[in-house]
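Structure first, commentary second.
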There are 2 protein chains.
Amino acid sequence: MNDRKRQVLLTAQRLFVEKGFSATSVQDILEESKISKGTFYNYFSSKNECLLAILERIKVETSVRRRELLIGRSASSKDILAEQISIHMQVSQEQNLLPLFEAIFHSGDPELRAFVTKQFKEELSWLSGRIIDIYGEEVTPFAADCTVLLLGMLQHMTHIWMLLSKGQVDHEKLVHFIIRRMDSIINGMIGTDDIFIGGEILFNIDQAKSEKTYSKEQLLFQLDGFQKHLEGETKPEEKQYIQFLMDELREARPRTFLLETITHSFNNTFTATPHEAEAQEIASKLWYYADTIK
Amino acid sequence: MNDRKRQVLLTAQRLFVEKGFSATSVQDILEESKISKGTFYNYFSSKNECLLAILERIKVETSVRRRELLIGRSASSKDILAEQISIHMQVSQEQNLLPLFEAIFHSGDPELRAFVTKQFKEELSWLSGRIIDIYGEEVTPFAADCTVLLLGMLQHMTHIWMLLSKGQVDHEKLVHFIIRRMDSIINGMIGTDDIFIGGEILFNIDQAKSEKTYSKEQLLFQLDGFQKHLEGETKPEEKQYIQFLMDELREARPRTFLLETITHSFNNTFTATPHEAEAQEIASKLWYYADTIK
DNA sequence: TCACCTTTGTACGCTTAGTATAATTGTATT
DNA sequence: AATACAATTATACTAAGCGTACAAAGGTGA
């Protein structure tokens with residue numbers, strides 16, 4: 001992904017959040033990001049695709065930052081879960097992202113709809129897994145229900161808060177509040193064996209998850225491109241990480257645990273540099289890849 | 001409200017729910033309801049106003065049917081609350097009404113935004129009161145939080161259900177499920193004195209509620225028009241109700257308890273007749289009026 | 001320098017919201 | 001029945017937005 005293109009994406013996201021998706025014209029985006037119409041339609045085949053790219057970017061950044069949080073910490077800590085959940089709200093500037101989802105969801109185009117549905121399912125699946133991490137295996141049958149309830153409470157609270165008080169929501173505080181409600185709910189559900197949607201819906205979700213996969217060649221190509229892109233201005237260890245990752249990828253059976261750790265360090269090296277976004281993108285793909293060959 | 005206009009409204013609502021608001025063109029509505037463009041813009045000053053009228057109609061019908069449910073029954077029964085809540089979902093065919101709200105909410109126009117916000121606040125205020133009815137005065141400080149959580153769980157569950165299984169949601173079953181979750185939550189909140197938004201937000205909501213008010217003259221005029229509209233085809237008691245209501249309204253201090261009871265009977269008389277909708281509209285206004293002079 | 005890619009500017013087609021208006025139909029009153 | 005008035009229709013129009021096409025200009029690497 002081009003730097004310029006990324007800039008356009010960020011501008012568009014800001015406009016969509018400020019004015020709403022349909023109220024933002026392509027013209028607005030062109031003027032605000034100072035590009036021509038031709039360029040825009042060179043980057044994205046439509047306004048919808050632009051929105052799609054924004055959602056994709058948000059997903060990648062969220063997923064990378066969530067992973068970062070877990071490194072070397074206990075997966076069963078509620079505080080960490082709370083942080084991980086807030087990350088999504090921070091990255092997407094929650095107050096207006098839900099409407100964006102809705103906008104795309106009801107825009108007729110079945111392709112876009114499928115995309116959003118998939119992201120939604122992945123979030124559901126992820127959070128469901130984390131809830132089991134924290135509350136233990138015995139909540140597995142209730143995990144899907146709990147996840148939906150948790151997300152519902154969270155989103156609606158945020159929504160109402162914005163509606164009434166206009167101020168920014170304290171995401172961390174809210175998430176902790178909701179998790180405490182979750183504690184009560186889970187007790188109640190286990191006690192009475194009370195289930196509404198049930199866990200079986202997660203089956204086809206997990207299938208959906210593994211759909212997107214990257215080939216070794218793609219990853220090598222992108223790493224190579226990134227390396228050339230750095231050209232000189234780099235500290236030596238940065239190149240070492242990249243070189244190591246490429247070497248390991250070229251092995252017949254890359255060792256996933258190595259890929260994961262080194263990807264983490266690789267990604268860390270570029271935080272707060274101009275290459276952060278590109279590094280994140282690559283890290284995300286590497287992690288996906290490591291998952292698929294596990 | 002004209003019969004034809006009502007027909008157009010229902011058609012438009014169906015289309016909006018089926019295809020989404022922005023994906024439904026005015027042309028679609030014209031063709032589907034077999035009217036001309038001129039007529040449409042005679043009824044509504046814009047597509048947005050048409051949506052507005054739909055929401056208004058839904059509100060009126062919901063509120064009337066909820067009131068009906070309470071007649072002669074205990075306000076503290078959870079089953080009745082469950083029914084009252086499901087009514088809103090039935091009337092609005094919930095699966096796609098939330099997006100409609102979102103659509104209007106983020107459509108730039110501040111007037112529309114204000115309208116939706118107001119309806120939202122009224123729903124919040126109503127449900128908050130009902131929760132206190134049921135769980136007792138001691139939950140008052142938590143009522144606002146609980147209401148938001150309840151609505152959030154409800155809406156999100158519905159949303160996900162539609163997303164995953166495509167089938168119709170069993171509203172009643174879902175509402176009961178959510179109310180059971182509410183039981184746990186309220187216990188937890190009271191035990192730990194845990195509050196996020198707090199009850200003070202309900203103050204300016206109650207103000208907002210009393211904004212809309214109808215004058216005696218308006219009501220008399222509409223009752224008179226309705227009476228003429230019936231012309232002959234009517235059973236005698238129908239006219240008697242109307243006459244009584246008009247007489248009572250003309251009193252210096254109409255007795256509210258009489259207005260309320262008779263309005264109820266009046267409204268009942270017209271259920272399942274062609275005049276049901278108009279009667280409901282009038283009943284709703286009368287109840288509003290009775291509330292204001294209480 | 002040459003080849004190739006990106007970007008720009010602009011003109012165009014198409015759809016849709018909303019306006020304007022003259023002609024037609026329906027309806028109530030006398 | 002005749003007349004007056006309101007509602008409805010049909011149609012043409014403006015304005016705005018999305019997306020396409022394409023030729024000209026600019027940049028970059030070999």
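A, B, ... follow the sequence lines: proteins, then strands. Residue 1 opens every chain.
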Item checked: Selection from D:dA7, D:dT9, C:dT8 that lies nearest to any side-chain heavy atom of A:Arg4 -> C:dT8
Minimum side-chain heavy-atom gap [X]-[Y] below 4.5 Å:
| X | Y | value |
| --- | --- | --- |
| B:Leu124 | B:Leu151 | yes |
| A:Phe44 | A:Lys5 | yes |
| B:Leu219 | B:Leu245 | no |
| B:Asn48 | B:Phe21 | yes |

Margin query: Counting the atoms with a prime plus P, OP1 and OP2 as sugar-phosphate, which does A:Tyr43 contact under 4.0 Å by heavy atoms, base, sugar-phosphate, or nothing?
Written below: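 The answer is sugar-phosphate, as A:Tyr43 gets under 4.0 Å only of primed atoms, P, OP1 or OP2.
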Next item on the list: Rounded to the nearest angstrom, tell me the gap between atom CG in B:Asn42 and atom C1' in C:dT19.
Entry: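 So the two atoms are 14 Å apart, to the nearest Å.
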Checklist line | Rounded distance (Å) that lies between atom P of C:dT16 and atom CG of B:Leu15 | finding: 14 Å
Next item on the list: Please identify each residue that fulfils ring pair (Phe, Tyr, Trp, His ring centres under 6.0 Å) with A:Tyr241, with sequence neighbours left out.
Entry: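 For A:Tyr241 there are no ring pair (Phe, Tyr, Trp, His ring centres under 6.0 Å) partners, ignoring immediate neighbours.
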Margin query: I'd like to compare against my own output: the B/S/- annotation of nucleotides 17-30 of chain D with a strict under-4.0 Å heavy-atom distance to protein.
Written below: -SBB----------
Item checked: Proximity to DNA chain C (any heavy atom under 4.0 Å), residues of residues 28-36 of chain B only ->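 Within residues 28-36 of chain B, no residue comes under 4.0 Å of DNA chain C.
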Next item on the list: Please name the residue in the list A:Gln280, A:Gln13, A:Glu281 that meets the side-chain hydrogen bond (donor to acceptor under 3.5 Å, both in side chains) test with A:Arg57.
Entry: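 By the side-chain hydrogen bond (donor to acceptor under 3.5 Å, both in side chains) criterion, A:Arg57 pairs with just one of A:Gln280, A:Gln13, A:Glu281: A:Gln13.
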Next item on the list: Over 60° means perpendicular and under 30° means parallel, so classify the ring planes of A:His156 and B:Phe120, tilted if in between.
Entry: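 Geometry flag for A:His156 against B:Phe120: tilted rings.
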Next item on the list: Step by step, work out the side chain to side chain contact (heavy atoms under 4.5 Å, CB included) result for B:Met89 and B:Val169.
Entry: CA-CA 10 Å; B:Met89 303 198 279; B:Val169 188; over 6 Å; no
